[in-house]
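Shown next, in structure tokens, is the structure this report addresses.
Only heavy atoms go into these numbers, but all of them, side chains included; no hydrogens, no water, no symmetry mates.
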Amino acid sequence: MNAPTPASSWVLATDCAESGLDAGTVRTAMLGRIREMRDSIRRGLASNAPSITGMVGWNAKGLQDAPDVLNAPLLKRVQTYAMAVNEENARMGRIVAAPTAGSAGTIPGALIGVADHLGLGDDQLVMPMVLAAGIGQAISRQMFISGAAGGCQAEIGSSAAMAAAAVTELLGGSSRACVHAASMALMNTIGLVCDPVGGFVEVPCVSRNAFFAVHAVSAAQLALANLESFIPPDEVVTAMAQVGRMMPLELRETAEGGLAQTPTGLAVTATMKGR
């Protein structure tokens with residue numbers, strides 16, 4: 001938290017020391033990931049083809065083509081980008097699992113969405129992405145980043161924390177602000193269950209990424225205004241991990257609880273099994 005600003009420089013130096021890679025190689029690889037994210041956004045927004053199950057596939061394009069009734073172009077862009085990526089995932093298209101396939105839209109939705117809103121180039125996103133990776137690694141030392149391990153809080157919560165830190169750095173935030181942005185994003189996902197209908201990463205996953213991409217941007221905005229998490233960031237991660245371990249299996253990506261067990265969810269599941 002008290003690392004020199006920018007925080008990403010410390011993350012990069014630490015990663016290179018541990019992996020033996022040089023900084024240029026890491027930056028080049030990260031730029032490649034950003035371009036892959038962009039490509040999945042482009043493909044997602046160009047298509048309204050249904051997913052394998054037919055539950056999603058038209059949401060991103062539908063929102064993009066709809067009138068901006070709130071006159072909030074950033075909000076709309078962040079949401080459409082996030083859903084575009086996750087609908088590409090649902091169509092078995094190529095995406096960057098950052099940190100997982102089910103939460104793949106949050107970081108590109110928030111980070112690339114903000115960058116495009118401000119007219120910033122991809123080169124300016126490389127180091128914020130390095131920081132996002134560092135945040136994800138720190139969280140993963142306390143809890144596996146998967147819905148099966150700790151509910152959706154461990155998956156979408158982690159991606160929101162990663163995205164919040166990245167957006168904060170992109171906008172000039174200090175290392176302290178970046179860590180607190182991540183903490184505020186994560187603490188407000190604690191207890192979120194993983195309940196995909198039929199076990200498919202589609203409902204509620206696609207719209208959930210849209211919501212939590214906005215959530216990440218909101219956390220960045222709070223941190224850039226010098227608001228901080230009252231609970232220290234390390235304790236927030238520990239609390240999330242503890243809650244994840246207490247969750248019953250029915251709420252951890254088994255499709256045996258939550259939305260997956262609603263009458264509609266069960267009917268869709270039965271239809272999918274019939275196919």
Side-chain angles (χ1 to χ4, degrees), residues 1-41 78 81-82 85 95-101 103-143 145 155-186 209 212-213 216-217 219-221 223-224 233-234 236-237:
M1 183 164 65
N2 294 315
T5 298
S8 58
S9 295
W10 181 85
V11 171
L12 181 60
T14 301
D15 181 65
C16 289
E18 292 177 352
S19 67
L21 297 172
D22 65 88
T25 298
V26 175
R27 286 194 294 265
T28 298
M30 197 62 77
L31 181 59
R33 298 292 188 275
I34 293 166
R35 288 172 176 164
E36 291 283 1
M37 288 177 172
R38 273 205 179 278
D39 193 48
S40 63
I41 291 170
V78 166
Y81 281 15
V85 173
I95 53 96
V96 178
T100 66
S103 62
T106 308
I107 293 174
L111 183 60
I112 298 178
V114 168
D116 285 0
H117 179 72
L118 297 175
L120 304 177
D122 286 353
D123 287 346
Q124 293 170 270
L125 306 184
V126 171
M127 293 305 287
M129 279 286 288
V130 168
L131 176 58
I135 294 292
Q137 184 180 53
I139 295 171
S140 70
R141 288 172 176 165
Q142 290 286 334
M143 165 62 72
I145 296 178
E155 195 159 325
I156 200 79
S158 297
S159 67
M162 294 162 70
V167 171
T168 302
E169 176 159 307
L170 178 68
L171 299 179
S174 66
S175 295
R176 186 179 184 91
C178 290
V179 172
H180 277 283
S183 179
M184 287 187 282
L186 184 62
N209 275 263
F212 280 93
V217 175
Q221 186 171 40
L224 288 163
D234 287 348
V236 171
V237 175

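Taken to the nearest 0.5 Å, the CZ atom of Arg27 stands 10.0 Å off from the OG atom of Ser8. With values rounded to the nearest 0.5 angstrom, Leu12 atom CG is found 9.5 Å from Asp22 atom CG. From Leu31, atom CG reaches atom CD of Glu36 across 11.0 Å, with rounding to the nearest 0.5 Å. Here the straight-line distance linking atom CG of Leu131 with atom CE of Met127 works out to 8.5 Å at 0.5 Å rounding. Distance check, rounded to the nearest 0.5 Å: CD of Gln137 to CD1 of Ile145 gives 9.5 Å. If you take CG on Asn209 and CD on Glu155, they are separated by 8.5 Å, rounding to the nearest 0.5 Å.
With sequence neighbours excluded, the residues satisfying salt bridge (charged side-chain N to carboxylate O under 4.0 Å, His left out) with Asp116 are Arg38.
Nearest approach of Ile139 to Ser158, heavy atoms of both residues: CG2-OG, 3.5 Å. Between Ala160 and Phe212 the shortest heavy-atom distance is CB-O, 4.0 Å. Residues Ala223 and Met184 approach most closely at N-CE, 3.8 Å, considering heavy atoms. Among all heavy-atom pairs drawn from Thr106 and Ser159, the shortest one is OG1-OG, 3.2 Å. Taking all atoms of both residues into account, the shortest heavy-atom contact from Cys178 to Gly173 is SG-O, 4.0 Å. The two residues Ala110 and Val217 have their closest heavy-atom pair at CB-CG2, 3.9 Å.
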Exercise for review: Apply the test side chain to side chain contact (heavy atoms under 4.5 Å, CB included) to residues Leu171 and Val114: give CA-CA distance (whole Å), side-chain angles for both, the deciding distance (0.1 Å), then the verdict.
Suggested key: CA-CA 9 Å; Leu171 299 179; Val114 168; 4.2 Å; yes
**Study point:** side chain to side chain contact (heavy atoms under 4.5 Å, CB included) assessment of His180 paired with Thr168
**Key:** CA-CA 10 Å; His180 277 283; Thr168 302; over 6 Å; no
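By the 4.5 Å heavy-atom criterion applied to side chains, Leu118 and Leu170 are not counted as neighbours. The closest side-chain heavy-atom distance from Thr14 to Val11 is not below 4.5 Å. Annotation: side chain of Cys16 is in contact with side chain of Val26 (closest heavy-atom distance under 4.5 Å). Put simply, the side chain of Met129 does not reach to within 4.5 Å of the side chain of Met162, judged on heavy atoms. Looking only at side-chain heavy atoms (C-beta outward), Leu111 and Pro128 come within less than 4.5 Å of each other. Residues Gln142 and Asp234 have side chains not in contact (no heavy-atom distance under 4.5 Å, counting atoms from C-beta outward).
Remark: side-chain polar atoms of Ser175 are paired, donor with acceptor, to backbone N or O of Ala7 under 3.5 angstrom. Remark: the backbone N or O of Met37 is paired with a side-chain donor or acceptor of Ser40 at under 3.5 angstrom.
By the neighbour-count criterion of 12 heavy atoms within 6.0 Å, atom CD of Gln221 is sparsely surrounded, having that number or fewer from other residues, nucleotides or ligands.
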